[in-house]
2 protein chains.
Amino acid sequence: MGFELDNRKKRILQAVIKDYITTAEPVGSRTIARKYGLGVSPATIRNEMADLEEMGFLEQPHTSAGRIPTERGYRYYVDCLMQKEELSFNEEDLIQREYRSKIDDVGQVIHITGQLLSQLTSYTAVVQKPKMGFSSFKNIQLIGMDKERAILIAVMDNGIVQHRMIEVPGSITGNDLAAISAVLNAKLSGFTMESIKNTLIKEIYIELARYRRTLDMVLDVLRFSLASDNDDKIYLGGLFNILNQPEFQNVEKLKTLLGLLEQENLLSNLMAADPSASGVTVRIGGEISYQGMQDCSMVMAIYGVKGQTIGSLGVLGPTRMDYAKVISVVEYMTRKLSFALENIFKGLVDKEVRF
Amino acid sequence: MGFELDNRKKRILQAVIKDYITTAEPVGSRTIARKYGLGVSPATIRNEMADLEEMGFLEQPHTSAGRIPTERGYRYYVDCLMQKEELSFNEEDLIQREYRSKIDDVGQVIHITGQLLSQLTSYTAVVQKPKMGFSSFKNIQLIGMDKERAILIAVMDNGIVQHRMIEVPGSITGNDLAAISAVLNAKLSGFTMESIKNTLIKEIYIELARYRRTLDMVLDVLRFSLASDNDDKIYLGGLFNILNQPEFQNVEKLKTLLGLLEQENLLSNLMAADPSASGVTVRIGGEISYQGMQDCSMVMAIYGVKGQTIGSLGVLGPTRMDYAKVISVVEYMTRKLSFALENIFKGLVDKEVRF
DNA sequence: GTTAGCACTCCCATATATTGAGTGCTAACA
DNA sequence: TGTTAGCACTCAATATATGGGAGTGCTAAC
């Protein structure tokens with residue numbers, strides 16, 4: 001990064017990148033001179049572009065074509081040249097309206113966020129669902145279904161409701177289930193999944209010694225199955241926007257990329273691999289180290305509540321992506337999402353709790 | 001259908017279709033003579049093919065190409081020529097294994113069914129989720145979240161659990177919610193959403209006169225929101241199998257088709273438009289009356305419990321589809337799915353109910 | 001340092017063979 | 001009368017020229 005480019009080189013690099021982002025065609029000196037008034041002739045621009053190529057910011061697909069940015073060019077653009085693009089009034093208004101109606105449910109908030117991200121950028125949105133680790137139990141119910149089965153329902157303080165069918169001994173009655181529910185509620189509500197301690201579990205076992213077999217299953221589900229269920233789940237929005245990108249008109253490429261995006265765990269890694277950075281992170285081309293995503297860039301950020309990171313969200317598009325726009329949108333939506341979740345949690349934590 | 005083809009024509013038509021299904025290339029007389037031992041020369045086959053073309057069963061993409069089947073050709077094949085292809089032991093075993101583990105939950109059963117359908121056929125599976133109209137309430141819970149909100153949880157007798165956040169007056173306490181829940185359970189459990197009668201509702205209002213405002217919301221959700229939620233929802237499996245079909249190597253076509261498949265309501269119509277037929281229905285090309293799906297065929301069937309239709313499932317592929325295989329798979333999976341659901345319901349209805 | 005001019009490169013679109021799979025027709029054969 | 005060998009014909013698909021045209025690098029003049 002130590003490089004400093006003189007002013008004219010910067011303006012030319014910026015012009016090339018901007019033009020390439022909109023046209024997806026290699027950019028020639030003539031175009032720059034015509035469209036971007038730099039007050040110099042194409043010949044001069046050619047000289048400068050040759051320099052920029054030597055420095056590794058631009059490249060030529062072939063000898064007699066215009067220039068396209070290298071990954072390094074994009075990187076420099078993102079770090080030094082680009083100016084953020086504020087959202088328009090209409091866009092902010094759209095966001096406001098979409099959020100207003102669905103503000104109660106975590107799932108819906110995630111869904112809307114993904115849709116807006118993809119809609120506003122025309123790329124593909126990737127939103128990690130909130131990690132459950134930090135949310136605490138609000139209510140636990142065991143409901144009998146038939147002689148050998150019951151449904152365990154857990155309501156979390158972030159409004160997420162999860163349920164699992166579990167098998168129980170035939171001898172257990174509806175009253176037994178109610179008794180177990182009562183104790184579980186008394187002991188566990190307010191605690192996060194992660195913070196269920198052994199002492200607590202011992203207490204429960206003592207109090208419900210009779211139901212050992214059933215408890216084994218219930219606690220297992222509560223501690224491991226439910227917790228891991230939502231983690232690593234990913235919402236994809238605007239997947240088919242990919243089809244509109246000229247770099248993916250080739251079906252083979254499409255197949256590779258869609259194949260990758262199908263693998264949730266891969267996406268999960270992609271979204272997780274960013275422990276240090278704060279704010280918006282941009283990964284360009286090869287900086288994403290997955291085979292088959294070399295032509296893509298990812299703009300992502302982490303969201304959270306009360307300083308706690310609970311997930312991340314981002315936009316995936318071709319390296320030739322409108323970074324200025326996308327970064328602004330991701331930044332804005334991250335704030336929006338964090339705020340919305342904060343609200344859901346606050347409503348639940350600060351106010352009087354009733355049951 | 002009044003047509004009768006002589007035996008040799010039948011065999012030739014069958015050969016052309018089979019070959020075209022596997023190769024996706026127009027089939028010439030020579031190929032037929034070589035690969036399918038009919039004991040006649042290419043010249044004879046040419047004559048026959050010319051006849052079949054005149055009758056509308058075959059066509060030529062251009063003068064000097066081989067023949068491909070027309071929609072009418074496929075139709076005749078499906079109705080008269082094709083012989084069903086039994087599933088292999090491995091396939092049946094796979095199905096058995098996949099079903100075994102996830103047999104408890106309706107959602108999971110649907111999911112597995114879709115996956116298997118697409119996996120076994122290499123096409124795209126379309127599975128309508130079960131209509132809720134026929135399932136009855138098993139348990140209803142209102143759980144307070146904060147001062148103004150509560151979660152309504154409804155467990156249905158088919159194991160589906162649904163929930164909604166609702167707003168309640170700030171004056172309502174946890175005890176109030178419990179009281180409401182108790183009455184709702186007493187009055188409604190065992191009833192289907194569709195059969196909640198006005199007399200029943202009146203009874204509830206009388207018993208819970210104090211909670212009028214809250215009840216309005218709750219009953220509204222129970223009767224309309226929850227019921228309609230699951231209906232018309234569609235699970236798509238193996239969507240990206242489309243990318244492997246040679247007829248969809250063109251990105252424009254892909255975009256059109258995927259665009260259609262994104263619209264749930266359209267799919268829903270597609271799956272619903274089959275009131276009379278029993279067993280497996282095959283719609284070929286233009287028989288699907290949606291713009292942009294002319295090159296597709298659909299093999300579908302309805303599934304149900306105790307003679308009641310509660311949904312449908314199918315496989316969508318190019319008109320050049322392996323009908324013999326697909327029809328067998330759809331038939332088999334329909335039985336499997338109905339059986340699995342039957343089991344879930346039976347478990348819940350016949351056995352002693354506990355709460 | 002900038003720019004006009006010019007030769008050069010190489011993609012792309014168009015036109016022009018060439019090939020080959022497959023046909024329809026005819027005439028001979030069983 | 002049905003079947004088949006033979007042959008001329010058709011036409012997509014594949015290669016093979018051909019002519020721009022967009023863009024470059026270099027040189028020399030300003």
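Per chain, numbering begins at 1; letters A, B, ... match sequence-line order.
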Can you check the [X] [atom1] to [N] [atom2] distance for me, whole Å?
{"X": "A:Q60", "N": "D:dG23", "atom1": "CD", "atom2": "P", "answer": "11 Å"}
{"X": "A:I45", "N": "D:dG25", "atom1": "CD1", "atom2": "P", "answer": "13 Å"}
{"X": "B:E48", "N": "D:dT3", "atom1": "CD", "atom2": "C1'", "answer": "11 Å"}
{"X": "B:D51", "N": "C:dT23", "atom1": "CG", "atom2": "P", "answer": "14 Å"}
{"X": "B:L58", "N": "C:dT23", "atom1": "CG", "atom2": "C1'", "answer": "14 Å"}
{"X": "B:E53", "N": "C:dT23", "atom1": "CD", "atom2": "P", "answer": "10 Å"}
{"X": "A:I68", "N": "C:dC11", "atom1": "CD1", "atom2": "C1'", "answer": "14 Å"}
{"X": "A:R67", "N": "D:dT24", "atom1": "CZ", "atom2": "C1'", "answer": "7 Å"}

Got a donor-acceptor contact below 3.5 angstrom from the [X] side chain to the [Y] backbone?
{"X": "A:E53", "Y": "A:D51", "answer": "no"}
{"X": "A:T121", "Y": "A:L117", "answer": "yes"}
{"X": "B:S118", "Y": "B:A125", "answer": "no"}
{"X": "B:S297", "Y": "B:G317", "answer": "no"}
{"X": "B:Q60", "Y": "B:A65", "answer": "yes"}

For a quick check, with a 4.0 angstrom heavy-atom cut-off, what is the B/S/- contact string for nucleotides 25-30 of chain C, read 5' to 3'? ------

Encode nucleotides 8-19 of chain D as B, S and - characters from 5' to 3', where the letter depends on protein heavy atoms closer than 4.0 Å: B to the base, S only to sugar-phosphate, - to neither. --BBS-------

For DNA chain D, which residues of residues 19-32 of chain A approach it to below 4.0 angstrom with any heavy atom? A:G28, A:S29

Side chains of [Y] and [X]: any donor to acceptor distance under 3.5 Å?
{"X": "B:S328", "Y": "B:E85", "answer": "no"}
{"X": "A:Y36", "Y": "A:T31", "answer": "no"}
{"X": "A:E59", "Y": "A:T70", "answer": "no"}

Please tell me which of the listed nucleotides, D:dT3, D:dG25, C:dG24, lies nearest to the side chain of B:R8? D:dT3

Closest to the A:V40 side chain, choosing from C:dT3, C:dT2, C:dG24: C:dT3

Of the non-hydrogen atoms in B:V16 and B:M49, which two are nearest, and what is the gap between them? CG2-SD, 4.0 Å

B:S41 side-chain N/O to D:dT3 phosphate OP1/OP2 under 4.0 Å: no

Ignoring backbone atoms, establish whether B:R34 has a side-chain N or O less than 4.0 Å from OP1 or OP2 of C:dG22. no

Parallel, tilted or perpendicular: which describes the rings of B:Y20 and B:Y74, with under 30° parallel and over 60° perpendicular? tilted

Kindly determine whether A:L267 and A:L270 satisfy side chain to side chain contact (heavy atoms under 4.5 Å, CB included), including the steps that lead there. CA-CA 5 Å; A:L267 277 178; A:L270 194 62; 4.2 Å; yes

Which pairs count as salt bridge (charged side-chain N to carboxylate O under 4.0 Å, His left out) when at least one residue sits in residues 313-322 of chain A, sequence neighbours excluded? A:E247-A:R320

Passes salt bridge (charged side-chain N to carboxylate O under 4.0 Å, His left out), A:E48 versus A:K10? Steps please. CA-CA 10 Å; A:E48 296 286 43; A:K10 280 187 190 169; over 6 Å; no

Helical stems, DNA chain D - three or more consecutive Watson-Crick or G-U wobble pairs below 3.5 Å: C:1-30 with D:1-30

With a 3.5 Å cut-off and sequence neighbours excluded, list the donor-acceptor pairs that the side chains of residues 252-261 of chain A form with protein atoms.
from   : atom 1 : to     : atom 2 : distance (Å)
A:K253 : NZ     : A:D295 : OD2    : 3.2
A:K255 : NZ     : B:N244 : OD1    : 3.1
A:T256 : OG1    : A:E252 : O      : 2.9

